[in-house]
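Hydrogens, waters and symmetry mates are skipped; everything else that's a heavy atom, side chains included, is used. Positions are given from 1 along the sequence.
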Amino acid sequence: MSKQLFMIDLFCGAGGVSEGSIQAGFTPIFSSDISLDVEKTYVNRHNQLGLIQNIDTCFLREDIRNLNGNTIFSCINNLKYKEKFQKGDIPLVFGGPSCQGFSLIGKRDKNDLRNTLFKEYIRIISEIMPKYAIMENVVGFMSFSFNQFEGLDGEIYPDGNIAPFILKKEFEKIGYNTLTPKILNAMDYGVPQNRKRAIFIAYRKDQKEPTYPKPFNSKVLTLNDGISDLNGDFNFSTYQLDSINGRTPSFKTNKPIKSNIKKNQELPNHNDLIKERFSLYKEGETTFQLRERILNNGIDISNKNNLIKLFSRNTIVEDFRNKNISKDDIDILLTKKNIRRRLDRNKPSNTVVTIADDFISPFDNRTFTVRELARLQSFDDSFEFLGKRTTGGAKRKIEVPQYSQVGNAVPPLLAKAICLEIKKCL
């Protein structure tokens, strides 16, 4: 009987990494996140898989700044396992520190406190000393520079040092070599989504050097391959059948959990005006492209009664048809939101994000359901997301609703591919 491989999942979110690690043959023995919302989803899923809280595994809801190695070892050494763990025993720690400050979208704030969470991640690594450590983040992390970053030992890095350089040096100080950071795309590993992520792999100096997973040779999956069955097309793709039948084995049966009931499939409740606005978009078209099309070619809105009512003049239908319109007219028709896009069913999905109203379905005049996005992330259909479906305003700073849980997750199949490379070295 092969030795059980344990791993620790920090900043675990709803559990994308844990799903992938289980599929690769690891057991998540300890996991942590700061959010109550993701705790509900994470613990529920692990109960479903036969990983019972405080018996088989431990989830601890905690700010990583208050977490330390002693606490982690105390938790896992109170579990059912005969083996007592100490510094150096854990094969793998995987973590994805909060990435908003590094994002290429929006303001890149060098003073954002979240930017230093990766230092806390390295601190935990130094206190656990696993054989391998993996960190996942947004692509923007690769080029992000800090002001007066203070290392674990108090070293102050000069302004302009980029995050990967600091990461490599900090890992080196605590006894690790690192692979050159690499950007991996989830669509190269069986995920129907164009999702690029920066991956960092560190390995203890007494361990074998790992490699990054090579892209699969199989064809890139499209949005249609991922979710067409959820929209009435029952010529099931292999990917859809795998999602239904499950990929993640249960610890109770050693078999995946099949799901014929589609949870998290509640349709967005758009009013008729929104549906009419969405109907103007062609597949693959962004708001910017739609605006240009209207300005250059005009558009027929004669059957869009709710949109017509937004205008005060009786000639508006003819004006739009004949391009006798201003940019203000287009703002009224489409709103000023320019990042919306209708996805193309024949291409991989765009990167799944936490705000659901940026993407329009190619199948209907609506945004996507939580289940559809979970499918595009490669979660099994049996994986249920709990808590509020969505939220907004100031609550977004503290709440992590279902859409955010999905959008923040590492795609399980990407995590699996990475963990399988680590497994080869153990």
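Of all heavy-atom pairs between Ser361 and Phe368, the closest is CA-CZ, 3.5 Å.
Taking Asp233 as the reference, Ser228, Asn235 meet the side-chain contact (heavy atoms from CB on, under 4.5 Å) condition, with sequence neighbours excluded. Listed by chain and residue number, Tyr81, Phe85 satisfy the ring pair (Phe, Tyr, Trp, His ring centres under 6.0 Å) test with Phe6 (two or more places apart in sequence, or in another chain). With sequence neighbours excluded, no residue forms a side chain to side chain donor-acceptor pair (under 3.5 Å) with Ser349. Taking Phe278 as the reference, His270 meet the ring pair (Phe, Tyr, Trp, His ring centres under 6.0 Å) condition, with sequence neighbours excluded. Residues passing the ring pair (Phe, Tyr, Trp, His ring centres under 6.0 Å) test with Phe94: none are found, sequence neighbours excluded. Thr253 is linked by a side-chain contact (heavy atoms from CB on, under 4.5 Å) to Ser250, Lys255, counting only residues two or more places apart in sequence or in another chain. Partners of Tyr212 according to the side-chain contact (heavy atoms from CB on, under 4.5 Å) rule, which considers only residues two or more places apart in sequence or in another chain, are Leu179, Lys182, Leu184, Ile199, Ile201. Checked against ring pair (Phe, Tyr, Trp, His ring centres under 6.0 Å), Tyr239 has no partners two or more places apart in sequence or in another chain. Partners of Asp242 under the salt bridge (charged side-chain N to carboxylate O under 4.0 Å, His left out) rule, at least two apart in sequence or in another chain, do not exist in this structure. With sequence neighbours left out, the side-chain contact (heavy atoms from CB on, under 4.5 Å) criterion links Ser326 to Asp328, Asp329.
Ion pairing between a basic and an acidic side chain is recognised when a charged N comes within 4.0 Å of a carboxylate O; Arg375 and Glu372 show no such pairing. Of the charged side-chain nitrogens involved, at least one lies within less than 4.0 Å of a carboxylate oxygen, so that Arg293 and Glu285 count as a salt-bridged pair. Under a 4.0 Å N-O distance rule, the pair Arg197/Glu136 qualifies as a salt bridge. The residues Arg389 and Glu266 are annotated as salt-bridged, a charged nitrogen and a carboxylate oxygen being separated by less than 4.0 angstrom. Here Arg61 pairs with Glu39 in a salt bridge; the nearest charged N to carboxylate O distance falls below 4.0 Å. Using a cut-off of 4.0 Å between Lys/Arg side-chain N and Asp/Glu carboxylate O, Lys263 and Asp381 are scored as not salt-bridged.
The ring of Phe73 has its center no closer than 6.0 angstrom to the ring center of Phe30. In this structure, the ring of Phe216 has its center less than 6.0 angstrom from the ring center of Tyr189. Between Phe385 and Tyr42, the ring centre distance reaches or exceeds 6.0 Å.
Distance alone, capped at 3.5 Å, places no donor-acceptor pair between the Gln377 side chain and the Val410 backbone. A donor-acceptor pair is defined here as one N or O able to donate and one able to accept, closer than 3.5 Å; such a pair exists between the side chain of Asn78 and the backbone of Ser74. Distance alone, capped at 3.5 Å, places no donor-acceptor pair between the Glu127 side chain and the Ile124 backbone. The main-chain N or O of Arg123 is found under 3.5 Å from a side-chain atom of Ser126 such that the two form a donor-acceptor pair.
Defined by atom type and a distance below 3.5 Å, a donor-acceptor pair is present between the side-chain atoms of Glu421 and Thr211. Glu170 and Tyr157 form a side-chain donor-acceptor contact under 3.5 Å, judged by distance and modelled atom types alone. At a cut-off of 3.5 Å, with distance as the only test, no side-chain donor of Asn297 or Arg321 sits close to an acceptor on the other residue. If you check the side chains of Glu276 and Asn306, you find a donor sitting under 3.5 Å from an acceptor. Defined by atom type and a distance below 3.5 Å, a donor-acceptor pair is missing between the side-chain atoms of Asn224 and Arg345. In the model, Asn44 has no side-chain atom that pairs as donor or acceptor with a side-chain atom of Thr41 under 3.5 Å.
Residue pairs satisfying the salt bridge (charged side-chain N to carboxylate O under 4.0 Å, His left out) criterion with at least one member in residues 351-365, sequence neighbours excluded, are listed as follows: Lys337-Asp357, Lys337-Asp358, Asp364-Arg366. Each salt bridge (charged side-chain N to carboxylate O under 4.0 Å, His left out) pair with one or both residues in residues 44-56, not counting sequence neighbours, appears once here: Glu19-Arg45, Arg45-Asp380, Asp56-Lys80.
Taking 4.5 Å as the limit, some side-chain heavy atom of Phe11 sits within range of a side-chain heavy atom of Leu117. Ser21 places a side-chain heavy atom less than 4.5 Å from the side chain of Met7.
Ile398 contributes atom CD1, which lies 10.5 Å from atom CG of Leu36 (distance to the nearest 0.5 angstrom).
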